[in-house]
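In what follows, chains are A, B, ... by sequence order, proteins preceding strands, each numbered from 1.
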There are 2 protein chains.
Amino acid sequence: MSATVPSSSITPEVAAKSNMTVEAWAEAALEALASGGLEAVAVEPLARRLGVTKGSFYWHFANRDALLRAALALWERHETADAIHGVEAAKDPFDRLFLLFKQANASHKAGRLYLSLAAASGDPVVGAVVRRVSELRLTYLHKCYIDLGLSEHDAMLWSTFAYATFIGNQQVHRDAPERFPTGADFREYFKLMLKTLVLDRSADSGTISPRSLEA
Amino acid sequence: MSATVPSSSITPEVAAKSNMTVEAWAEAALEALASGGLEAVAVEPLARRLGVTKGSFYWHFANRDALLRAALALWERHETADAIHGVEAAKDPFDRLFLLFKQANASHKAGRLYLSLAAASGDPVVGAVVRRVSELRLTYLHKCYIDLGLSEHDAMLWSTFAYATFIGNQQVHRDAPERFPTGADFREYFKLMLKTLVLDRSADSGTISPRSLEA
DNA sequence: ACCTGAACACCGTTCAAGT
DNA sequence: ACCTGAACACCGTTCAAGT
């Protein structure tokens with residue numbers, strides 16, 4: 001509890017005024033990123049929102065880019081952790097793919113953040129992180145298709161197809177919200193994708209029964 | 001040829017110094033948009049590049065937003081024209097879908113521009129245009145699936161699936177370039193998508209032969 | 001009609017000075 | 001060690017003045 005308390009403070013209550021930390025700035029930047037995009041990661045507005053001057057910022061960071069880098073590191077940890085979270089627990093390769101599909105279509109906040117960042121992948125700093133996250137996800141998907149019984153080559157084709165569909169769904173959901181299926185339509189849409197991208201694949205290897213379709 | 005020549009100019013050559021036009025600014029803005037994203041649409045840098053002062057800009061436009069609006073109008077015309085261009089010439093519904101698929105996977109520059117703009121769809125001005133373009137494309141795709149013989153409902157499901165895949169491909173191509181199939185792999189990937197999203201659908205209606213797969 | 005030039009506000013960055 | 005406050009550069013916007 002006393003981690004950030006200045007050792008020279010006389011009364012304990014003064015410690016409550018707690019100095020800024022790199023983490024606090026990074027989290028604020030990530031929130032700004034999610035709601036307002038890259039350009040919302042602005043030092044002065046963030047400083048105002050946090051109740052300090054921008055001079056304070058430059059004590060913790062070299063510049064705006066360093067703040068971005070810290071926020072991106074946070075995001076990368078989230079994405080790579082979430083992507084594998086719980087999925088590895090399932091031992092059946094079909095179940096793992098099913099969970100990945102569910103996850104990809106569930107979190108619209110995470111999806112928006114990804115799109116915001118992917119959008120700014122022209123920026124070399126952002127681009128590097130986005131590429132790392134994308135490739136990690138594709139690698140994992142590829143592995144799942146291999147476990148399902150596909151050849152290296154077929155797994156490459158279908159994992160790319162599936163991933164493109166995931167990402168595209170988030171985009172369509174954002175850019176044509178009127179047209180994106182909801183409610184019962186969405187459940188049917190989800191089944192259709194699952195059948196096309198997973199069930200009909202496991203049928204190729206002839207070992208998996210289509211039981212999870214009703215979950 | 002004398003449209004923008006000041007009537008009071010004494011020597012004809014002076015006209016060559018040609019005043020700025022709304023169109024010239026809009027095209028410059030669109031170029032900046034394609035290469036540097038939304039934030040590259042900046043008045044002062046554009047003015048420098050065009051060899052005028054920013055004061056000139058504010059004669060033609062109320063503000064930066066108006067410039068963006070003009071650039072977006074240009075883009076919208078391109079996208080809606082290109083989307084239908086040549087496709088309507090084909091009378092066979094399968095051929096139309098085939099052409100749309102080919103088109104969607106061909107122009108990476110157009111794809112990048114779309115992603116740049118879709119990225120900035122948090123901005124109300126950009127968002128409105130992106131949504132119009134997205135919904136027009138989905139409406140057209142939907143119509144194609146109807147013509148292929150699908151029910152209204154099935155056409156909704158499959159056109160969404162297909163469009164999500166289009167958009168997602170562009171994103172994967174940009175965000176995981178190492179992983180996106182090229183050459184012979186890409187041709188195979190393309191066939192796989194075409195078979196899944198179109199051929200197997202027309203088989204449902206039982207009227208179309210899979211001849212174009214070898215094109 | 002169209003453009004320049006000076007002015008002001010806002011944000012990024014620096015740095016000397018405070019505690 | 002951490003923060004403030006003033007300074008400067010850059011870009012958006014305005015507007016009086018030029019041609």
[N] [atom2] sits how many Å from [X] [atom1], rounded?
X: Phe61(B); N: dT14(D); atom1: CZ; atom2: C1'; answer: 17 Å
X: Phe57(B); N: dG5(C); atom1: CZ; atom2: P; answer: 19 Å
X: Glu39(A); N: dC10(C); atom1: CD; atom2: C1'; answer: 14 Å
X: Trp59(B); N: dC3(C); atom1: CH2; atom2: C1'; answer: 9 Å
X: Arg64(A); N: dA9(D); atom1: CZ; atom2: C1'; answer: 16 Å
X: Glu44(B); N: dG5(C); atom1: CD; atom2: P; answer: 13 Å

Item to complete: Taking only the side-chain nitrogens and oxygens of His60(A), find out if one of them lies under 4.0 Å from OP1 or OP2 of dC3(D).
Response: yes
Item to complete: Measure from the side-chain N and O atoms of Arg179(B) to the backbone N and O of His173(B), and report whether any donor-acceptor pair falls under 3.5 Å.
Response: no
I want to verify a distance call: between [options], whose nearest atom is closest to the [X] side chain?
X: Met20(A); options: dC3(C), dT13(D), dC3(D); result: dC3(D)
X: Val52(B); options: dT4(C), dG5(D), dA7(C); result: dT4(C)
X: Tyr58(A); options: dC3(D), dT14(C), dG12(D); result: dT14(C)
X: Thr53(A); options: dC3(D), dT4(C), dG12(C); result: dC3(D)

Discussion item. Does the structure show a Watson-Crick or G-U wobble partner for dC2(D), both distances under 3.5 Å? Name it, or say none.
Written reply: dG18(C)
Worksheet item: Taking a pair as Watson-Crick or G-U wobble with both distances under 3.5 Å, which nucleotide is matched to dC11(D)?
Response: none
Please report, to 0.1 Å, the donor-acceptor pairs under 3.5 Å made by any side chain of residues 56-67 of chain A, with sequence neighbours excluded.
unit_1   : atom_1 : unit_2   : atom_2 : d
His60(A) : NE2    : Met20(A) : O      : 3.3
Asn63(A) : OD1    : Asp65(A) : N      : 3.2
Asn63(A) : OD1    : Ala66(A) : N      : 3.0
Arg64(A) : NE     : Val41(A) : O      : 2.7
Arg64(A) : NH2    : Leu38(A) : O      : 3.0
Arg64(A) : NH2    : Val41(A) : O      : 3.3

Worksheet item: For residues 24-37 of chain B, which residues have at least one heavy atom under 4.0 Å from DNA chain C?
Response: none
Worksheet entry | Upstream residue (5' side of DNA chain D) when Lys54(A) and Pro45(B) are each assigned their closest nucleotide | Lys54(A)
Worksheet item: Hey, does Ala62(A) reach any base, or is it just sugar-phosphate, or nothing, if we go heavy atoms under 4.0 Å?
Response: sugar-phosphate
Worksheet entry | Axial cation check for Tyr114(B) ring with Arg137(B), 6.0 Å and 45° limits | yes
